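Below: one structure, written as structure tokens.
Everything numeric here is computed off the predicted structure, so don't read it as measured data.
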Amino acid sequence: MNDIQYIYDAGGHKKSVIIPVELWEKTLGIEIPRHAPCNPQEYYGIYRDLIKDPAGAARALRTEWNRL
């Protein structure tokens with residue numbers, strides 16, 4: 001990476017960069033991976049064994065917002 005050159009302004013701040021063509025072409029070839037849309041069928045029942053009493057858990061969530 002010694003071939004990278006920085007261009008500074010009069011105040012000493014970096015303003016631009018010069019890189020070799022090989023490195024530039026290499027960065028152009030990088031493709032950002034796109035995430036596939038989520039398929040809920042792949043995750044159905046993932047917590048089935050972790051929640052022993054789902055009805056009780058639902059009741060507890062409903063009552064936590066009740067105010068006295």
- Kindly check if the number of other-residue, nucleotide or ligand heavy atoms within 6.0 Å of OH (Y8) is above 12? yes
- Item | For L23, the option from D3, I4, L28 that meets side chain to side chain contact (heavy atoms under 4.5 Å, CB included) | I4
- Query: Can you get from W24 to Y6 by hopping between Ile, Leu, Val, Met, Phe, Trp and Tyr side chains that sit under 4.5 Å apart?
  - Reply: yes
- Message: Would you say that D53 contacts R59 through its side chain, given a criterion of any heavy-atom pair below 4.5 Å between the two side chains?
- Response: yes
